[in-house]
Amino acid sequence: MHLPTKLAPEPSPEKLLQLLQEHPSGDTFLNYGTAGFRYDASILPPIMVRVGIVATLRSWQKQAPVGVMVTASHNDESYNGVKIADPDGGMMASDGETLAVEMANERDIQRLLQKIEPFKSDFVPIIHVGRDTRKHSPALCDLVVQTARALGSAIIDHGIITTPMLHHAVLHGNREYLPLLIPPRPAGYFSLLAQSYHALLATHSSDGDRRAPLVVDAACGVGYAHAQTLHQAIQELDPTHRPILVVNAPGTGPLNEKCGSEHVQKALQPPTFYDAPADLPTQYCASLDGDADRIVFFSVTDGQMRLQDGDKIACLLCRFLQAEYQALRADAPSLPPIRLGVVQTAYANGASTHYLEQVLGPEGIVIAKTGVKYVHHAAAEHFDVGVYFEANGHGTVLFGPAFYQCMAQADAALRGKRCRGSVALQRLSVLPALVNQAVGDALSDLLLVDAILQIQGMSPSEWDAIYTDLPSRQGKVLVKDRNMIQTNENETKCLSPVQVQEELDIAMAEVKGRAFIRPSGTEDVVRVYAEAPTRTLADQLATKAAEIVFRLCNGIGEAPVFG
Ligand code: 16G
Ligand code: MG
């Protein structure tokens, strides 16, 4: 990471004008979708210039540092994208998105410049920037930097980092480092994770970990180098720690292609190991996505793959948190209750929701709209300890103020005692350091899951067996205009056209299954999901749901058939 060469560069209106003139906006309407602006890399330069402006305005508006990450996550190498992080380290809130869309779509340079004026203030805007390993990322990132500097922003350039590291840097930069203006160092991230993982494992007595090595497929992306650094940090604390073998380095294979979490979860196939020996042990593996904010686990034995997706991770975490919290309260009954719960999306497999109902009770589950920002928000709003995971492997655990109060009271109640409750207290107290509080983080989740499996003495196959997924099918339908479809808040029901839901209800009842349709937030398609007691029925229901959308929502081409 490079320190800002000059904390507050002199604004340069000439440079700003030059950048805008050299990179005029095209005709396409640009949308700040679920995960920022994401397009074929060739059309991104004008967007990057405008994001340099928006990030500066956001920093002025909030009077605090913000972040910009250049990545297209799990998309293929031809794509790139950019997203902005708010000062709390989370995804930029919706008022910022509105501003981003307005600025990106303003074709008239003079009008664009006028729109900047009301935001100007004495506060020196500070922008953390990071990028992934795509070949176009350095040049695209540089456009953001040049533009922001032309407006007088101080840049903290983190170079090649994972998306969650960027969010983490923004969060920690605002909390601890801002008064000193010393930017957070990536080294701080690794030692925080390694030390808290170590502290969590230290609560559990074992005679050494003799399990198979943990193999991490880094999707040929940015997670590769950072997973290795993390492994080194762990080995420095505990030289006997079993190896974490990181495979699929950038350049050894195409980014996200036949590897990475998106491939493993959607195709239900193990990744290609581009740079690993044929005898790689595959009893215990994890796949990251291209910017390392998602993770799924899997194992391959006798050619058979078993997947532990985001749903299964959520179940493991909830089971652990509930057990520890109950152990704590058993020894400290005067503690106030805390709300422990989980947020899932409509894509969560019904079997996982059923499992979670048994662990947490029905009041412990909220279904939110698809997209990280929605589930994150719901977890913070509904729970004091809020787990959220999308089935695709993006998730984390958020700890709210009532949790910290509960820990402080438990500490007072159990001080000096040696009991199960005090072990639970140690475990729970270390979690907010291990678990990324800004966004879902594949590296943090990797260590969290691994520590829980060790503490609970569970093998990956025992974890896998806690429930069996209902057969499900996902597909997409091309329609003339996906915006004609309106859904309810959490996208489990279609409100308009009304007939769609009426017909879906009949189709679901016929096979005792569940199905929903929703317009995608990232692609020009309508997504279809179905699950049912058997594979045949799930395919039949998905086919019927796609046919309903195709017929009632002006389908293009042919309705897809599944199975
Ligand atoms: C984005 C979202 C992801 C969501 C997916 C849905 C982030 C960082 N990622 O990848 O959470 O599951 O979009 O895509 O917000 P869809 O709307 O095309 O189905
Ligand atoms: Mg990602």
Side-chain angles (χ1 to χ4, degrees), residues 264-269 296-316 318-319 342-370 389-393 460-477 487-488 490-494 499-518 526-552 559-563:
V264 172
Q265 191 238 348
K266 294 277 157 43
L268 287 179
Q269 277 172 14
V296 295
F297 289 76
F298 64 94
S299 57
V300 189
T301 25
D302 303 329
Q304 278 283 325
M305 186 185 90
R306 301 206 69 90
L307 171 74
Q308 292 88 46
D309 62 2
D311 294 342
K312 215 151 239 170
I313 298 175
C315 291
L316 181 76
C318 288
R319 191 184 126 113
V342 63
V343 181
Q344 298 190 296
T345 73
Y347 287 106
N349 193 281
S352 74
T353 311
H354 179 69
Y355 180 87
L356 288 165
E357 270 166 10
Q358 290 173 338
V359 174
L360 302 168
E363 70 288 349
I365 303 170
V366 167
I367 304 293
K369 186 175 154 89
T370 290
F389 259 92
E390 291 193 300
N392 64 25
S461 55
E462 284 165 337
W463 171 27
D464 187 65
I466 59 176
Y467 66 82
T468 305
D469 275 326
L470 281 166
S472 68
R473 180 67 71 191
Q474 292 191 43
K476 48 187 172 184
V477 184
T487 68
N488 66 343
N490 65 17
E491 300 178 319
T492 50
K493 295 241 175 303
C494 176
Q499 216 184 326
V500 170
Q501 192 60 44
E502 289 169 0
E503 294 201 18
L504 275 178
D505 286 341
I506 296 168
M508 287 190 267
E510 269 170 15
V511 300
K512 295 196 172 54
R514 179 174 75 92
F516 66 89
I517 61 117
R518 53 176 282 276
V526 178
R527 301 222 188 271
V528 170
Y529 177 92
E531 69 184 31
T534 66
R535 157 81 21 237
T536 314
L537 291 176
D539 285 340
Q540 189 182 316
L541 182 57
T543 304
K544 182 66 191 167
E547 185 276 321
I548 294 169
V549 173
F550 188 85
R551 176 164 41 83
L552 299 174
V561 173
F562 303 103

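Everything quoted here is computed from the prediction, not taken from an experiment.
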Reported [atom1]-to-[atom2] distance for the pair [X] and [Y], which is rounded to 0.5 angstrom:
| X | Y | atom1 | atom2 | result |
| --- | --- | --- | --- | --- |
| Thr534 | Asp539 | OG1 | CG | 8.5 Å |
| Thr353 | Tyr467 | OG1 | OH | 8.0 Å |
| Phe516 | Cys494 | CZ | SG | 12.0 Å |
| Ile313 | Cys318 | CD1 | SG | 12.0 Å |
| Leu537 | Lys544 | CG | NZ | 14.5 Å |
| Leu356 | Asp311 | CG | CG | 8.0 Å |

Shortest non-hydrogen contact between [X] and [Y], atoms and distance:
| X | Y | value |
| --- | --- | --- |
| Pro533 | Lys512 | CD-O, 3.5 Å |
| Val549 | Ile517 | CG2-CG2, 3.5 Å |
| Trp463 | Leu316 | NE1-CB, 3.5 Å |
| Ala546 | Phe562 | CB-CE1, 4.0 Å |
| Pro560 | Thr543 | O-CG2, 4.1 Å |
| Pro471 | Ala538 | O-CB, 3.5 Å |

Within the distance-only criterion (no hydrogens, no angle test), does the side chain of [X] pair as donor or acceptor with the backbone N or O of [Y] below 3.5 angstrom?
| X | Y | result |
| --- | --- | --- |
| Asp309 | Val296 | no |
| Glu531 | Gly350 | yes |
| Arg535 | Ser472 | yes |
| Asn490 | Ile367 | yes |
| Lys312 | Asp464 | yes |
| Thr345 | Ala368 | no |

Exercise. Pick one: which of Gln474, Arg518, Arg527 meets side chain to side chain donor-acceptor pair (under 3.5 Å) with Tyr347?
Worked result: Arg518
Is there side-chain contact between [X] and [Y], with heavy atoms separated by less than 4.5 Å?
| X | Y | result |
| --- | --- | --- |
| Cys315 | Val359 | no |
| Gln540 | Val511 | yes |
| Gln269 | Val264 | no |

Exercise. Given Arg551 and Glu503, is the side chain to side chain contact (heavy atoms under 4.5 Å, CB included) satisfied, shown in steps?
Worked result: CA-CA 11 Å; Arg551 176 164 41 83; Glu503 294 201 18; 2.6 Å; yes
Problem set entry | Test applied, side-chain contact (heavy atoms from CB on, under 4.5 Å); reference residue, Tyr529; option that passes from Arg514, Glu491, Arg473 | Arg514
For this session: Go through the side-chain N and O atoms of Glu390 and Thr370 and say whether any donor and acceptor fall under 3.5 Å apart.
Result: no
For this session: Could you go through the side chain to side chain contact (heavy atoms under 4.5 Å, CB included) check for Ser352 and Gln344 one step at a time?
Result: CA-CA 10 Å; Ser352 74; Gln344 298 190 296; 3.1 Å; yes
Problem set entry | Heavy atoms from other residues, nucleotides or ligands near NZ of Lys266 exceed 12 (cutoff 6.0 Å) | yes
